[in-house]
Amino acid sequence: MSHILHRLQDRPHFLELAYRGSRRLLSPFKPWLKPGGWMERLLIGGEELSKGAIFGCRMCGQCVLHSTGMTCPMTCPKEMRNGPCGGVRLDGHCEVIPEMLCVWTQAWERSKRMPTYGGEFLRVLPTLDRRLSGSSAWINDFSGEIENIETSWRE
Amino acid sequence: MSPSSRLESVLRSGDFAVTAELNPRDSADPQVVYQQARILAEFSDAINTGDGSGANSHLSSLGMAALLARAGHEPVMQLGCRDRNRIALQGELLAAAALGVGNVLCLTGDGVQAGDQPDAKSVFDLDSMGLLRTARIMRGQGRFLSGRKIEIAPRWFLGAASNPFVPPYDFRPLRLQKKIEAGAEFIQTQYCFDVPRLRQFMARVRDMGLDERVFILVGVGPLRSLKSALWMREHVPGVVIPESIEKRLRGVPSDKQQEQGLQICVEIIQQVREIPGIKGVHVMAYRQEEWVGEIVERAGLLPRPKLAREPLVEEEAKHVSL
């Protein structure tokens, strides 16, 4: 089952639509999407299950999948946030773990098949807030945490 | 006083710039740095100091850059994200400015697996893009990433690396664009042994107008022998040595390979210089710093523009206290 879910990553357009759909579905519940309550516990469980199986999600709490070719950048050994490092091998494999395909080369290819959010790949993404690790990315998105990170990053 | 960048002046004047890389040193004696710097300074406009090059411990980048600055040279301090978190990186950046280092090259860094201490913990709290933007915020807004104010804002010429020679090739120009948006003002590329690949990259870079927004210096260097070329290809992340180069080294007896390596390097510099949008070369002569002068001379890049201030002689440098 998890194998099948994992292969969903190669349907990036389907996934970006799923993301947009989920966002719309959740937005009426915004007043309840606050950190610390049962809603967060529920969402953490849901995120671990779904994003864990599909993307190998590491629960950084500040999901940027739609900006990174629906590919989790936390699975990159250097946790690059803005594209592949200069160590990618000629066969497209990772510098640090040679038997693994570079996460970012896959992310780039997938982003090209994402008409809705593909352009996001070119945006300079902010650094990670390590405090959010283990929390719900949906809650952080709707409660304004993500917007705070973006603001401190802007010049 | 915050330093200004002589490298920036050379590039802005339109001169084809030459930077060189100081070999990593494993010594507590600053003289090893001064001696090597003296050789390089004659043939270059600025000298890079590596930050834990190849994921090995060495005399630190800030330490070497500060020694160079004190001796009147023009350092480019390389700063990588592998070994420090954002608290240390910002402290290091500020210290660089305070010690007279006017150029910083922001890198992500090789993984620890590349060096002699693969048992170490990798940090990678930021990546090169995050470090660049952090430095620009410190300089432009006079604040740390946290928002806390810096009394006197630092001033550096900010650089980044680019590797046009590895996949995904079609993304490399876009990654360069992102680095410019994050704060890069100059670029030093990975070793170039594949000029046709560089031409393709630069064609796209020019189409996007990026060569007007950033100074691009191409990394070059002499291969000491066939053996060392094969070793580099295998062990140095991001270095691509095409078949054609390997063939040329194979085609000569081993005692002629060093000369062949030098010749290849000189030819690459000459070809690179013809590519529109390239503003200089960065010479990395690992353990062959004595050849940098000859390479630069044979490539027709001498004399270098006169320095604003002459480096102190070694005797004087000895007495410079930090």
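Labels below follow one simple rule: chain letters A, B, ... track the order of the sequence lines, proteins then strands, and each chain is numbered from 1. Worth saying up front: this structure is predicted, and the values here are computed from it rather than measured.
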For the OG atom of A:S111 and the CG atom of B:L174, what is their distance to the nearest 0.5 Å? 9.0 Å

To the nearest 0.5 Å, atom SG of B:C81 lies from atom CE of A:M80 at 8.5 Å

Below 4.5 Å from any heavy atom of chain A, which atoms of B:R143 appear? Answer side chain, backbone, both or neither. side chain

So for atom NZ, which belongs to B:K227, do other residues, nucleotides or ligands contribute more than 12 heavy atoms lying within a distance under 6.0 Å? no

Any donor-acceptor pair under 3.5 Å from A:K78 side chain to B:G109 backbone: yes

At a 4.5 Å cut-off on heavy atoms, which part of B:F165 comes close to chain A: side chain, backbone, both, or neither? backbone

Which residue, B:L145, B:L131, B:D125, forms the side chain to side chain contact (heavy atoms under 4.5 Å, CB included) with A:T127? B:L145

CH2-CZ distance between A:W104 and B:R175, expressed to the nearest 0.5 angstrom: 8.5 Å

Residue, of B:K179, B:R136, B:R82, B:Q190, that accumulates the most heavy atom pairs under 4.5 Å with chain A: B:R136

Between B:V166 and A:R89, is there a side-chain heavy-atom distance shorter than 4.5 Å? no

Answer key: most heavy-atom pairs under 4.5 Å with chain B among A:L125, A:L90, A:D91, A:L128 is A:L90

Rounded to the nearest 0.5 Å, what separation is found between the CG atom of B:D170 and the CD atom of A:E109? 6.0 Å

Is it the case that more than 12 heavy atoms not belonging to A:F14 sit under 6.0 Å from its CZ atom? no

Pick from B:M129, B:Q141, B:R133: which one has the most heavy-atom pairs with chain A under 4.5 Å? B:R133

Over 60° means perpendicular and under 30° means parallel, so tell me whether A:F121 and B:F171 are parallel, tilted or perpendicular. perpendicular

Can you check whether A:I97's main-chain N or O pairs, donor with acceptor, with B:Q113's side chain at less than 3.5 Å? no

Here the gap from A:N82 atom CG to B:D127 atom CG, rounded to the nearest 0.5 Å, amounts to 5.5 Å

I'd like to know whether CZ of A:R123 has more than 12 heavy-atom contacts from other residues, nucleotides or ligands below 6.0 angstrom. yes

Run the side-chain hydrogen bond (donor to acceptor under 3.5 Å, both in side chains) test against B:Q177 and tell me which residues pass, sequence neighbours left out. none

If you measure from NZ on B:K178 to CG on A:L122, what distance do you get to the nearest 0.5 Å? 6.5 Å

Go through B:P237, B:P167, B:S162 and name the one with the most non-hydrogen pairs under 4.5 angstrom from chain A. B:P167

Contacting moiety of A:P84, where chain B heavy atoms sit under 4.5 Å: both

Close contacts, residues 142-155 of chain A versus chain B, judged by heavy atoms under 4.5 Å: A:S152, A:W153, A:R154, A:E155

Kindly check if the number of other-residue, nucleotide or ligand heavy atoms within 6.0 Å of CG (B:L230) is above 12? yes

Which bit of B:T108 is near chain A, if near means a heavy-atom gap under 4.5 Å: side chain, backbone, both or neither? side chain

Specify the closest pair of heavy atoms between A:T105 and B:P168, including all atoms of both residues, with the distance to one decimal. CG2-CD, 3.5 Å

Identify which part of B:A161 has an atom lying under 4.5 Å from any heavy atom of chain A, answering side chain, backbone, both or neither. neither

